[in-house]
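To start, the structure under review is shown below, and the notes come after it.
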Amino acid sequence: MSKRHLITSALPYANGPLHIGHIAGAYLPADIYTRYLRSKVGRENVLHVCGSDEHGAAISMKAIKENRTPKAIVDQFHTINKKAFQDFGIDFDIYHRTSSELHHKTAQEFFLNLYDKGVFKKVENEQMYDPEAKQFLADRFIVGTCPNCKSERAYGDQCESCGKTLSPAELINPHSALSGAQPELLKTWHFYLPMGDHSGWIEEFIRDGKLDGAFHHETKNWRNQVVGQCLSWVESGLGDRAMTRDLDWGVPVPIEGAEGKALYVWLDAPIGYISATKQWAIDQENPEAWKKWWQDSDSDLVHFIGKDNIVFHCIIFPIILKEHGGYNLPMNVPANEFLNLEGDKISTSRNHAVWLHEYLEDFPNRKDELRYVLTSIAPESKDSEFTWRDYQARVNNELVAILGNFVNRVVVLTNKYYNGLAPFSDTDWEITDHCLALISKSQENIAQYKFRDGLSEAMNLARFGNKFLADLEPWKLQKTNPDEVRKIMFSALNITAHLAKAIDPYMPEAANRIREMLGIDPIFNGFLDGHEIGTAKLLFAKVEDEDIDHQIQKLASAKSSTSSPESADRPFKPNMTFDEFQKMDLRIGTIKTAEKVKKADKLLQLSVDMGTEVRTIVSGIAQHFSPEDVIGKQVSVLCNLEPRKIRGIESQGMILMSEDNEGNLVFISPEKAFQSGAEIR
RNA sequence: UGCGGGGUGGAGCAGUUGGUAGCUCGUUGGGCUCAUAACCCAAAGGUCACUGGUUCGAGUCCAGUCCCCGCAACCA
């Protein structure tokens, strides 16, 4: 009986659509791995689960900002993303969601199990509460004066001026970053996971691949960045981590007296893999079937994720699974690095992204082209980059010229010489063995999570085919030795059939089209005498310059257009009184000196001549202007802003700037040279 | 500055336990014409970021320096 394989793909967060970075990072490698395994050990022994992650403060905040309900937001993106995955052909057995009742129940059961075992520490503390927004505030959402250095810009978790770690209660004059209201200190309590208690076995698990002293997995197949990041966490000491939040959007903590508390989203989300499996089992009308995937020792668990998720999947979730007991721990967590786009990182807020659903619209019937390119450049060991020119080059020079062309020549020749009836001959074992060797090399690479290498081995089969034809030149021999040509074409057809198998996990549609042309099934045992093949159809079409130009333009205009989510919605602020306006002391100043502030990328320290005095002002413009650029410039200065220490330097005012949608900055300057200190009214 | 990852021919990347530096694309020359001006062959092109060290021998190990990316911080 075959081993079973349970594959999970990171649950996409349901607050936005999917882009190519998500696909290249987790879903495409997971899909390739799944397809490979299904062909190897049978469909019934492989399960691939995923779903929307729909909880957490970020969705809650987005809902408040957009004046919608959290449910409306997650419904919207769950639907969009589910459809995009389907259209792209990611082979999930189920795409579930964490807002479902089944998930809530599952997560609560999990929590209770650990709670009863005393795994959590209940810690009482006082936490800031925003009476206007009516919610507890995360530490980062509280601003106040640092008790240590008196900086007024300290956050609830840390003061950036002196670097001291703080708790919100220590802040002097704290206020909410949400509403600006004075937060109240209310008593609350939370359950914490003392991760430090587990660091011993976690370290052994990550470093040596051992669990409870016994062999668990091969560490050499784990990626550097995964092992490195986990060990660095362990070495710097695992702390206590709160597993509950004071939040009304999430899985309620199922304990009496815990009303208004929800499970921490990172506790709840990975359990989503389990509840997804349960839902799948229910859909199969075999509700207990999920257990064999999660609990049988002959089932392998693999998590596909991006690098931002590493510690949650390699440290926190394993602790939870092990403490619960009876669950398998991951055999591998092949986390990818990040994919950049046209020289810049992908950014949802700046709309610098290639959205999956838009690609599918703009390039209909070209899923495999994107799968090919994203696999070729997958950020397996370091960040990599997608450019549209590269996409075009890879499709035209590799997919079209090497793969598509080879298949086309074979099918065209067979039709031409034999009227579509495959010539029958003895199997050339040298050729066949070579094909099988390439296929197994390709598959070994997949098994070791080296998808780029595996794809390249599959492509080598097409290269081998082209060379085979060029070396033997059947089109020349046909006139003098047609018998020999029959042998050659029989082999060429066999190579093509093997090629379909080799590319199947990577490009399932192209593989199917090859099989259709050859008239064969996925399980192929050689051509029989009298086998009929179909007519030649092009596997891939060239990508034209204008398509690429269009995409590049689209990216450029997306960056500056108001369609970006950040800039689209910038309503005017409420009216104020003339008195309030008069409180502002705005004047013209002239920049005399400028220098970069040490240890801060973005800060310039300026001295500004205000006529009667010279002021020191620290401004966050270092990435846009060098000191030489700004010396001598006349600018608008807000003079009576409360002085503030930034990086230890007191800033005595604020330079007024304007910023466009691309993030470019300009000074607000007088239209001609003017007297320093002149008032602006 | 803290943590992690990385710096290899024009571009994108491999280089396992140290032993003549590889792959894909591009470039140049040639061949072929069955094929989506596709395919095949050949060539040019690298002091493996830098500096020291260990070694008979280092891209590969050790130390230091510089640079890039992500996270963190900063952006009054």
Side-chain angles (χ1 to χ4, degrees), chain A residues 152-153 155 158-161 163 220 223-233 235-236 306-308 310-311 335 337-338 340 345 376-387 389-390 393-394 396-417 450 452-453 455-457 459-460 462-463 465-478 485 489 492 536-542 597-604 617-624 637-638 641-647 650-657 659 663 665:
Chain A
E152 294 178 32
R153 184 80 191 149
Y155 287 108
Q158 198 184 24
C159 168
E160 65 247 13
S161 294
K220 70 168 200 243
R223 298 201 171 143
N224 283 345
Q225 64 268 28
V226 175
V227 174
Q229 197 174 330
C230 291
L231 290 180
S232 104
W233 262 54
E235 273 156 27
S236 61
K307 68 172 163 185
D308 47 343
I310 288 173
V311 293
E337 303 270 329
F338 284 151
N340 293 321
K345 65 174 185 170
S376 306
I377 61 170
E380 288 176 4
S381 57
K382 56 184 168 192
D383 290 354
S384 63
E385 175 158 333
F386 178 96
T387 68
R389 292 283 165 220
D390 181 66
R394 286 178 192 275
N396 291 355
N397 303 336
E398 298 175 31
L399 277 185
V400 172
I402 295 169
L403 205 168
N405 184 41
F406 169 66
V407 174
N408 191 44
R409 343 172 42 180
V410 172
V411 175
V412 166
L413 273 179
T414 307
N415 274 299
K416 191 168 172 181
Y417 291 164
K450 295 177 180 172
R452 243 180 4 205
D453 293 348
L455 178 57
S456 138
E457 292 297 346
M459 286 299 287
N460 281 342
R463 292 193 175 93
N466 277 319
K467 185 168 160 49
F468 175 78
L469 288 181
D471 286 351
L472 297 179
E473 301 182 309
W475 48 90
K476 274 190 180 167
L477 277 181
Q478 178 66 2
V485 173
M489 290 315 297
K537 273 180 277 177
L538 296 184
L539 269 190
F540 303 103
K542 286 207 165 192
V597 177
K598 273 180 277 181
K599 294 182 189 176
D601 312 341
K602 297 189 181 174
L603 296 180
L604 282 188
I617 296 179
V618 178
S619 185
I621 56 175
Q623 291 189 325
H624 300 270
V637 180
L638 178 57
L641 191 66
E642 196 109 355
R644 172 146 300 172
K645 260 195 181 171
I646 301 157
R647 281 278 164 197
E650 189 175 74
S651 183
Q652 303 158 321
M654 173 174 162
I655 311 274
L656 302 187
M657 311 283 303
E659 182 176 6
L665 290 182

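In the text below, chain A, chain B and the rest are named by the order of the sequence lines, each starting its count at 1. Just so you know, these numbers come straight off a predicted model, no measurement behind them.
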**OP:** Using heavy atoms to find the nearest nucleotide of RNA chain B for A:Trp475 and A:Arg452 separately, return the residue whose nucleotide is more 5′.
**Re:**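 The residue whose closest nucleotide sits nearer the 5' end is A:Arg452.
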
Subject >> Earlier contact from the 5' end, RNA chain B, for A:Ala541 and A:Lys307 >> reply: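 The answer here is A:Ala541.
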
Does any nucleotide pair with [N] by Watson-Crick or G-U wobble geometry, both distances under 3.5 Å, and what is it?
N      : value
B:rG4  : B:rC69
B:rA58 : none
B:rU51 : B:rA63
B:rC13 : B:rG22
B:rA37 : none

Can you tell me how far the [atom1] atom of [X] sits from the [atom2] atom of [Y], to the nearest 0.5 Å?
X        : Y        : atom1 : atom2 : result
A:Glu398 : A:Phe540 : CD    : CZ    : 11.5 Å
A:Asn396 : A:Lys542 : CG    : NZ    : 5.5 Å
A:Leu399 : A:Ser376 : CG    : OG    : 7.5 Å
A:Asn405 : A:Leu539 : CG    : CG    : 10.0 Å

[X] [atom1] to [N] [atom2]: how many Å, rounded?
X        : N      : atom1 : atom2 : result
A:Arg389 : B:rU24 : CZ    : C1'   : 20 Å
A:Lys537 : B:rA35 : NZ    : P     : 19 Å
A:Leu413 : B:rC32 : CG    : P     : 18 Å
A:Gln478 : B:rU33 : CD    : P     : 14 Å
A:Asn340 : B:rG6  : CG    : C1'   : 13 Å
A:Leu455 : B:rC13 : CG    : P     : 15 Å
A:Asn460 : B:rG22 : CG    : C1'   : 13 Å
A:Arg223 : B:rA14 : CZ    : P     : 11 Å

Tell me what [X] touches on the nucleic acid: a base, only sugar-phosphate, or nothing, going by heavy atoms under 4.0 Å.
X        : value
A:Ser384 : sugar-phosphate
A:Glu385 : nothing
A:Val400 : base

Short N/O separations, protein against nucleotides 39-43 of chain B, under 3.5 angstrom:
from   : atom 1 : to       : atom 2 : distance (Å)
B:rC39 : O2'    : A:Arg409 : NH1    : 2.8
B:rC41 : OP1    : A:Lys467 : NZ     : 3.3

Roughly how many Å apart are [M] and [N], using the [atom1] atom of each and rounding to a whole number?
N      : M      : atom1 : answer
B:rA35 : B:rC39 : P     : 14 Å
B:rC13 : B:rU8  : P     : 9 Å
B:rG45 : B:rG53 : P     : 31 Å
B:rG15 : B:rC61 : P     : 13 Å
B:rG2  : B:rC56 : P     : 36 Å
B:rU1  : B:rU65 : P     : 9 Å
B:rU27 : B:rA11 : C1'   : 12 Å
B:rC23 : B:rC62 : C1'   : 30 Å

**OP:** Show your reasoning for whether side chain to side chain donor-acceptor pair (under 3.5 Å) applies to A:Arg463 and A:Asn466.
**Re:** CA-CA 5 Å; A:Arg463 292 193 175 93; A:Asn466 277 319; over 6 Å; no

Considering non-hydrogen atoms only, spot the tightest contact between [X] and [Y] and give its length.
X        : Y        : value
A:Ala462 : A:Leu403 : CB-CA, 4.0 Å
A:Asn397 : A:Ala401 : O-CB, 3.4 Å
A:Ala492 : A:Leu469 : CB-CD2, 4.2 Å

Subject >> Test applied, side chain to side chain contact (heavy atoms under 4.5 Å, CB included); reference residue, A:Ile377; option that passes from A:Arg394, A:Arg452, A:Glu385 >> reply: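 It is A:Arg394; the other options fail the test.
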
